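Take a look at the structure below.
Ligands are counted one by one from 1 in listed order, and the atoms in each one are counted from 1 as well. Here the structure is a predicted model, which is why all the values come from computation and not from measurement. By convention here, the first residue in the shown sequence is residue 1. Computed over heavy atoms, backbone and side chain alike; hydrogens, waters and symmetry mates excluded.
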Amino acid sequence: MSATQLVERAESVARRVVETAQTATDLESLREIERTASDELAAVKTGIGSVEGADRSTVGKALAAAQATIAEVVGERRAVISAAASASQLAAERLDLTALGNGSLRGHLHPVTQVWRELEDIFCGLGYQVHEGPEVEDDWHNFEALNFPPGHPARAMQDTLYVNLGEPEQVLLRTHTSPMQIRLMETQEPPIYAIIPGRTFRRDTPDARHSPVFHQIECLVIDRDVTMGDLMGTIEVFFRALFGDVESRFLPSYFPFTEPSAELAVSCPFCEKTGCRTCSHTGWIELGGCGMVDPNVLQACNLDPEEWSGFAFGFGIDRIPLLRNQIDSLQTLLWDNDLRFLRQS
Ligand code: PHE
């Protein structure tokens with residue numbers, strides 16, 4: 001072969017490698033392309049021996065250039081193939097460590113907290129303010145200002161837990177949320193439209209229906225010319241928001257801080273008053289107490305009973321999630337924190 005033919009041969013081998021290397025998708029076929037090219041260039045090299053001395057360096061340079069081009073192109077292509085291979089290997093070997101994190105075990109609020117917030121939403125919608133108050137109270141707010149004088153028999157009904165602070169029997173864990181009626185009237189100018197959800201305490205031995213710690217929600221309205229009709233209408237509205245199509249019932253009762261007072265019940269949402277286990281076959285579920293704010297209470301808070309009137313009601317929150325789930329008031333289920341139970345709510 002002539003020097004010119006050898007140079008062309010070297011260049012064409014390099015050109016072919018430039019084209020074909022791009023099509024190689026694995027290292028083995030790339031190696032095959034490289035091997036064929038190097039065999040062909042070896043033939044060119046052998047050919048150098050048969051050309052004139054002056055042409056040898058021309059062919060030699062063309063050969064070196066072809067080798068350099070091939071090395072570069074093959075090197076680049078090898079890097080691309082290796083990167084793709086290790087990426088697909090990584091993808092194949094990927095460990096799914098999200099096995100328990102697929103969202104099905106996301107927590108949720110405790111059933112009592114859910115109802116607590118729902119109650120707040122209902123009353124905010126009616127234009128009420130939400131307040132919270134201290135769980136450790138004094139005798140004045142929990143009893144005295146609420147018209148329970150010392151020695152009053154109704155105090156005994158409250159099974160108070162006293163705190164060893166200050167004068168004996170003066171500091172206590174609030175037995176109801178009603179002391180917040182006093183705190184609001186002491187600090188705010190009427191009109192007052194407020195609800196106060198909170199934790200309350202009584203000296204009870206825990207059993208299926210009792211717990212020394214429980215939750216109440218208090219409602220207080222102080223305005224001019226407030227009537228018992230306003231109280232009943234308000235209760236009706238929020239019972240319906242909470243339970244759907246139900247009725248409310250008021251039976252005469254007694255609380256020192258309301259006059260007249262009534263016991264507050266809702267028609268059983270499960271049996272439509274025909275009687276079932278949830279309502280102990282009475283058709284009604286008792287939820288709490290209510291009444292018109294006693295003039296003595298207004299006076300204790302320096303409000304003139306001739307000018308201001310109001311109503312209040314208070315009831316336990318804890319029964320509500322149970323009622324809604326048709327559970328027979330087994331409050332312990334709420335506090336045992338058995339997730340198998342809580343997750344269903
Ligand atoms: N505080 C009373 C209780 O715990 C309920 C109540 C609140 C009654 C407001 C009348 C008015 O039993």
| task | Answer whether the closest heavy-atom distance between the side chains of Tyr193 and Asp223 falls below 4.5 Å. | result | yes

| query | Touching ligand 1 at all, Ala312? Heavy atoms, strictly under 4.0 Å? | reply | yes

| message | By the definition side chain to side chain contact (heavy atoms under 4.5 Å, CB included), identify the one residue from Thr20, Ile33, Leu30, Val18 that meets it with Val73. | response | Val18

| task | State which residues pass ring-ring contact (aromatic ring centres under 6.0 Å, His included) with Phe255; sequence neighbours excluded, sorted by chain then number. | result | Phe257

| Below 3.5 angstrom, do we get any N/O pair linking Thr258 and ligand 1? | no

| note | ligand 1 to Gln181, heavy atom cutoff 4.0 Å, flagged ligand atoms 9 (C)

| message | For atom 12 (O) of ligand 1, what's the nearest protein heavy-atom neighbour? Residue, atom name and distance, please. | response | Phe255 CE2, 3.7 Å

| Is ligand 1 under 4.0 Å from a heavy atom in the side chain of Arg174, in the backbone, in both, or in neither? | neither

| message | Whether Arg240 and Glu236 form a salt bridge (side-chain N of Lys/Arg under 4.0 Å from carboxylate O of Asp/Glu) is what I want to check. | response | yes

| query | Counting from 1, what ligand 1 atoms have a heavy atom of Cys290 closer than 4.0 Å? | reply | 8 (C), 10 (C), 11 (C)

| request: Provide the number and element of each atom of ligand 1 under 4.0 Å from a heavy atom of Gly314. | output: 5 (C), 6 (C), 7 (C), 9 (C)

| query | With a 4.0 Å cut-off on heavy atoms, is Met292 touching ligand 1? | reply | no

| remark: Contacts satisfying side-chain hydrogen bond (donor to acceptor under 3.5 Å, both in side chains) that involve residues 283-303 (not counting sequence neighbours) are Asn147-Asn296

| message | Looking only at the aromatic ring of each residue, does the gap between the centers of Phe238 and Phe313 stay below 6.0 angstrom? | response | yes

| Distance from atom 9 (C) of ligand 1 to nearest protein heavy atom, with residue and atom | Glu218 OE2, 3.3 Å

| said: Check for me whether Phe257 has a heavy atom closer than 4.0 Å to any atom of ligand 1. | reply: yes

| message | I'd like to know whether ligand 1 has Ser178 as a neighbour, heavy-atom separation below 4.0 Å. | response | yes

| Geometric class of the Phe315/Phe239 ring pair [parallel <30°, tilted 30-60°, perpendicular >60°] | perpendicular

| Atoms of ligand 1 less than 4.0 Å from Gln216 heavy atoms? | 3 (C), 4 (O)

| field | Side chains of Met180 and Leu220 in contact at under 4.5 Å (non-hydrogen atoms) | value | no

